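Some notes on the structure that comes next.
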Protein chains: 2
Amino acid sequence: MAVTIKDVAKVANVTPSTVSRVISNSPRISEKTKRKVRKAMEELGYFPNFKARSLANRSTQTIGLVMPNSTDKVFQNPFFPEVIRGISKIAHSMEYALHISTGETEEEIYEGLVRMVQSGRVDGVILLYSRINDNVMSYLEEKKFPYTIIGKPYINSDGISHVDNDNFSAAKEVTKYLLKLGHKRIGFVAGCLNLMVTLERKRGYESALLNADITINNDYIVHEEFLREGGQEAISELLSLKEPPTALVVADDLMAFGMLNTLDEMGLRVPDDISIISFNNLLLSEVSRPPLTSVDINIYNLGLQSAKCLIEKIKQPDEPAKRIIIPYKVIERNSCKKLS
Amino acid sequence: MAVTIKDVAKVANVTPSTVSRVISNSPRISEKTKRKVRKAMEELGYFPNFKARSLANRSTQTIGLVMPNSTDKVFQNPFFPEVIRGISKIAHSMEYALHISTGETEEEIYEGLVRMVQSGRVDGVILLYSRINDNVMSYLEEKKFPYTIIGKPYINSDGISHVDNDNFSAAKEVTKYLLKLGHKRIGFVAGCLNLMVTLERKRGYESALLNADITINNDYIVHEEFLREGGQEAISELLSLKEPPTALVVADDLMAFGMLNTLDEMGLRVPDDISIISFNNLLLSEVSRPPLTSVDINIYNLGLQSAKCLIEKIKQPDEPAKRIIIPYKVIERNSCKKLS
DNA sequence: TTGTATGCGTTATCAA
DNA sequence: TTGATAACGCATACAA
């Protein structure tokens, strides 16, 4: 049996409640007894029992992380380790632990979340993605359980605390960048259309074209879940048009990689034959050939702020919802070329 | 206040202990009362309180995951999402939750783990990496706390449950493959030398060369933590030798990517000018240019088995340690060429 | 500043 | 087959 608060109390010659107060560093305990008790704790190698603590406390000091469908290709995205790194940085410093929850289907994810919340395993939740009609979100909303979203909420975005980039503007800027380089036939390669990021980026792309008086050509918009299965065909179809695009806005670096491959196989060279610009600025966009011009969305910070925001929410549930926009930055490399 | 076991008891007209027995599906409760109680639970929307349960139970039904240093480049490796996917598959089906722990320094990781274990937050731990002289491991060993390692333990590998590939043989096979293609000057690009994987793969590489009566040339062995910082120089140094290698065994796909980039910048073409073979068969090795010949180590299964193994260990602490070797498979693509 | 008593929501031990 | 009662280890309202 592990050493408990009682053992410490005995050794320090005080009552368990005193020890408890020392643990929580109560100001109404004399420095002298604090020292005495701490010495006893040290001697005995005492660690507060988490289970008992949280039962008495009604708090677990842990944050639940809801990841997307694990069989989904999205899951493989280095976005997640990086965002978790940011979250864990704050969590650690605030003495919160991380509890991850995922599943193979949306049903599993939902049920996992409900169990996690209802059984009181976590004090709050961070949704690592934002998609349309997400019942996970509805549930949290209805329960008024503390949570934060990374991404833009599908509905009621003013009433829900979230951390996001301005993906609309980013996509718009990037498309304008291509326009400025002289491109007129610009395509858009989208990821999963249920995700808000995708939608926002697409909106931005379209807005830039409209502003430039270019009508949106739906043939230029490809919806690809991901690179592997089938992706190739849709892409090659796109490029086999009579008037193929001379530049592409790709919704994600990972997809851009797939593109590079497909293009290579088709004998097209980037950026000479076609320009590519994408998002996220993953480590890989740096080491690809050619290195990709990409929008750095500061994933780490996205995680950091979401954790900060959630913890504040947990501590002050009545504060109004916050919206935090993390600045992005276009990183120019060698995948875009001026059209002559 | 949430609904408790008492509320259910009242509604069902039984005592809390009976309800508790229904929850754990005790065989000594009549079907009739079970139905009655379950109906009451349903009606009230009852969920067992996790905190109270684990306090009374002395079990948390959660598995701790120890990740490497989060600032480390290793962390970015898609290896982790994939291994977690495998772990979570089993965990989910056995009703275990996942608790992740990481830190920015080794000290932080160690302290995080100790807290996690001592405070009784988890029932067991999976180390997602294996490195030499790991105090995390020593600690778990000393405490006799249930744990499993993914990778080969540095010491006492017969006494410690672990899940691994036969990285020695894999590297050997892969090197022999290059030898068979006619390569004689074969280099090795290593990742972090503290990691057991790296060491094993290097051993395999060396063994193959020795078997072929080729003396090991230390100039051909490059230790690169990762692709970005500084990596380039070491690589270009290697390739600027009077007799540069004609083929490279690279310890990891991610590094191989970096290599492709560096080689490209140096004007060397893969596989025409130099062959490359690497490990892990990440999604990316498929979409790189050229697609990489890589060893598929079945990361998902690594995770799956480690979770299975740990849960068994938790349930039967006295069973002897297990070693589980996951088969690997060389996936031939287009990064290696026969030397004429 | 410290001690006493009680509660947190379950499970487990005994009885019945 | 079920009920009463005591843990589980800690926190806190109240008393001193």
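Residue numbering restarts at 1 for every chain, and letters A, B, ... go by the order of the sequence lines. Values in this document were obtained by computation on a predicted structure and should not be read as measured data.
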Atom-to-atom span, CG of A:Asn49 to C1' of D:dC8 - whole angstrom: 8 Å
Test: A:Arg85 and A:Glu82 ion pair at under 4.0 Å: yes
Phosphate contact (D:dG9 OP1 or OP2) by A:Thr4 side-chain N/O below 4.0 Å: no
Touch class at under 4.0 angstrom, heavy-atom based, for A:Tyr46 against every strand present: sugar-phosphate
Sugar-phosphate only, base, or nothing, as touched by A:Pro16 at under 4.0 Å among non-hydrogen atoms: nothing
Most 5' of B:Ala56 and B:Arg21 on DNA chain C, judged by nearest nucleotide: B:Ala56
Protein-nucleotide distance (B:Phe50, atom CZ; C:dT10, atom P), rounded to Å: 13 Å
Side-chain touch B:Arg21/B:Thr33, heavy atoms, less than 4.5 angstrom: no
C:dT2 phosphate, OP1 or OP2, under 4.0 Å from A:Thr33 side-chain N/O: yes
Nucleotide C:dT13, atom P - distance to CZ of B:Arg28 in whole Å: 10 Å
Residues A:Arg323, A:Asp164: salt bridge by 4.0 Å N-O rule: no
Between NZ on residue B:Lys89 and OG1 on residue A:Thr71, distance to nearest 0.5 Å: 9.5 Å
Sugar-phosphate only, base, or nothing, as touched by A:Val19 at under 4.0 Å among non-hydrogen atoms: nothing
Whole-Å distance separating the CZ atom of B:Arg58 from the P atom of D:dC10: 11 Å
Closest-nucleotide 5' rank along DNA chain C - winner of A:Ser17 and B:Ser20: A:Ser17
Touch class at under 4.0 angstrom, heavy-atom based, for B:Ile29 against every strand present: sugar-phosphate
A:Thr18 side-chain N/O to C:dG3 phosphate OP1/OP2 under 4.0 Å: yes
Minimum heavy-atom distance A:Lys6-A:Pro16, with the two atoms named: CG-CG, 4.2 Å
Whole angstrom value for the distance that separates C1' of C:dT11 from NZ of B:Lys51: 17 Å
Gap between atoms CG and P, on A:Asn57 and C:dG9 respectively (whole Å): 13 Å
Under 3.5 Å donor-acceptor pair, A:Arg53 side-chain atoms to D:dT12 base atoms: no
Under-4.0 Å side-chain N/O to phosphate OP1/OP2 contact, B:Ser30 with D:dT2: yes
